[in-house]
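What follows is a short report on a single structure.
This structure is a prediction, so every number in the text was calculated from the model and none was measured.
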Amino acid sequence: MIFFSMLILGALIGFVGAGGAGVVITLLTVGFGVPIHTALGVALASMLFTMLSGAVSHFREGEVVVKTGAVLGAGGVLGALLGAEVSNVMPSEELGFLTALMLLLSAFTLYMKVYRADLLDRIFHVRGELLAGRKLVVYGLTLGFVNGFLSGAFGIGAAAFIQLTLLCVFGVPLLQSIGTCMMVILPISAAGGLGYMMNGRLDLAIFVQTLFGLMIGAFVGAKCTHLAPRPLLKAAIVGMPTIGGFIMLFFR
């Protein structure tokens with residue numbers, strides 16, 4: 001049942017082009033009664049593989065700022081490992097509540113990017129050139145650590161936060177921010193998944209069903225993206241984490 005449910009969810013994720021880690025956590029915990037710690041580990045580890053093909057594709061197209069992504073990813077590894085350790089000792093009830101809040105915050109960030117980009121630009125000035133030198137290292141390691149911690153502790157991909165960081169702080173152009181974000185998520189997912197596995201929180205059977213269900217479903221769903229009206233896609237991008245967050249908050 002987990003595999004077939006993930007097939008459907010994967011098709012929806014592929015259709016809207018969203019990562020969906022938070023929705024995976026919601027489905028596992030609320031739908032199948034999987035412990036929150038296990039669900040977080042499965043979601044993080046699955047992201048490593050589901051993001052890999054996208055990151056490689058963007059790299060081949062020259063849409064990845066490698067140096068910026070490498071610095072952020074390095075900080076993210078440390079943050080994800082620490083986040084996994086913090087999550088491991090956190091009570092399930094509190095962890096589920098905080099994960100739901102983080103998912104809703106991610107949904108709000110996506111809403112601002114999709115529907116209120118003009119307001120977002122006024123609040124957060126988009127940097128006009130790539131950040132370099134010592135500032136790149138200091139800011140990259142620091143903000144990478146913060147995003148990595150959020151991912152490791154709460155199992156979310158933090159893609160919305162990472163993209164906003166790349167645009168506003170590091171001056172990465174919009175198109176390249178997508179590929180660079182995927183590059184940053186790869187080491188964060190690997191480190192976070194490893195942290196949960198070392199703490200005995202990663203259920204391999206659930207992980208395999210989730211991974212293959214998402215990958216197959218996303219492949220099919222992506223084929224239909226160009227058929228959907230743009231307003232529907234925008235609503236789905238924001239709606240998925242919003243619904244997942246509220247379900248996690250009230251029904252966990």
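- For the atom pair M215 CE and M6 CE, the distance stands at 14.5 Å (nearest 0.5 Å).
- Atom CZ of F3 is surrounded by more than 12 heavy atoms from other residues, nucleotides or ligands within 6.0 Å.
- Atom CD1 of I162 and atom CG of L72 lie 7.5 Å apart (nearest 0.5 Å).
- A heavy-atom distance below 4.5 Å is found between the side chains of L40 and L95.
- With rounding to the nearest 0.5 Å, the separation of CD1 in I2 from CD1 in I206 is 4.5 Å.
- A side chain to side chain contact (heavy atoms under 4.5 Å, CB included) with L104 is found for exactly one of T109, L249, T99, namely L249.
- Formation of a donor-acceptor pair under 3.5 Å by the N199 side chain with backbone atoms of G195 is found in this model.
- V66 has its side chain within reach of F59: a pair of non-hydrogen atoms, C-beta onward, lies under 4.5 Å apart.
- Both M102 and I25 sit in one connected hydrophobic cluster of ILVMFWY residues. Membership requires side-chain heavy atoms under 4.5 Å apart, directly or through other members.
- With rounding to the nearest 0.5 Å, the separation of CG in L103 from OG1 in T242 is 8.0 Å.
- Looking at every heavy atom in both residues, M183 comes nearest to G69 through CE-C, 3.8 Å.
- Residues L143 and V65 fall within the same hydrophobic cluster, defined by Ile, Leu, Val, Met, Phe, Trp and Tyr side chains chained together at heavy-atom separations under 4.5 Å.
- With hydrogens and angles ignored, the 3.5 Å screen pairs a side-chain donor or acceptor of H37 with a backbone N or O of M90.
- Atoms CD1 and CZ, on I188 and F145 in that order, are 11.0 Å from each other to the nearest 0.5 Å.
- A 4.5 Å side-chain heavy-atom check between V172 and L167 finds every atom pair outside the cut-off.
- Q176 approaches G62 most closely through the heavy-atom pair NE2-O, 3.5 Å.
- Looking at L28 and V42, their side chains come closer than 4.5 Å, going by heavy atoms from C-beta outward.
- Under the side chain to side chain contact (heavy atoms under 4.5 Å, CB included) test applied with F170, the options L136, T180, L130 reduce to a single match, L136.
- Criterion: ILVMFWY side-chain heavy atoms under 4.5 Å apart, direct or through other members. Under it, M198 and V89 are not part of a common hydrophobic cluster.
- Annotation for A80 and G192: closest pair CB-N, 3.8 Å, computed over non-hydrogen atoms.
- Residues L211 and V23 fall within the same hydrophobic cluster, defined by Ile, Leu, Val, Met, Phe, Trp and Tyr side chains chained together at heavy-atom separations under 4.5 Å.
- In the hydrophobic clustering of ILVMFWY residues, with side-chain heavy atoms under 4.5 Å counting as a link, L48 and V77 come out apart.
- Inter-residue side-chain proximity for I36 and M248 is flagged as met; some heavy-atom pair is nearer than 4.5 Å.
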Check the pair M112, L164 against side-chain contact (heavy atoms from CB on, under 4.5 Å), reporting the backbone distance first and the verdict last. CA-CA 11 Å; M112 294 295 292; L164 192 61; over 6 Å; no
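- Proximity of F161 to L105: side-chain heavy atoms (C-beta onward) are separated by under 4.5 Å at one or more points.
- Remark: side-chain polar atoms of S151 are paired, donor with acceptor, to backbone N or O of N147 under 3.5 angstrom.
- In terms of heavy-atom proximity, P231 sits nearest to Y115 at O-OH, 4.4 Å.
- Within the 4.5 Å cutoff, the side chain of L131 has no heavy atoms near those of the T68 side chain.
- Counted by atom type alone, Y196 and S87 present one or more donor-acceptor pairs between their side chains at under 3.5 Å.
- One finds the CZ atom of F154 at 9.0 Å from the CG atom of L101 (value rounded to the nearest 0.5 Å).
- The two residues L141 and A74 come nearest to each other via the heavy atoms CD2-CB, 4.1 Å.
- The minimum heavy-atom distance linking S177 with Q163 is given by the pair O-CG, 4.0 Å.
- In F4, the CZ atom is not crowded: 12 or fewer heavy atoms of neighbouring residues, nucleotides or ligands sit closer than 6.0 Å.
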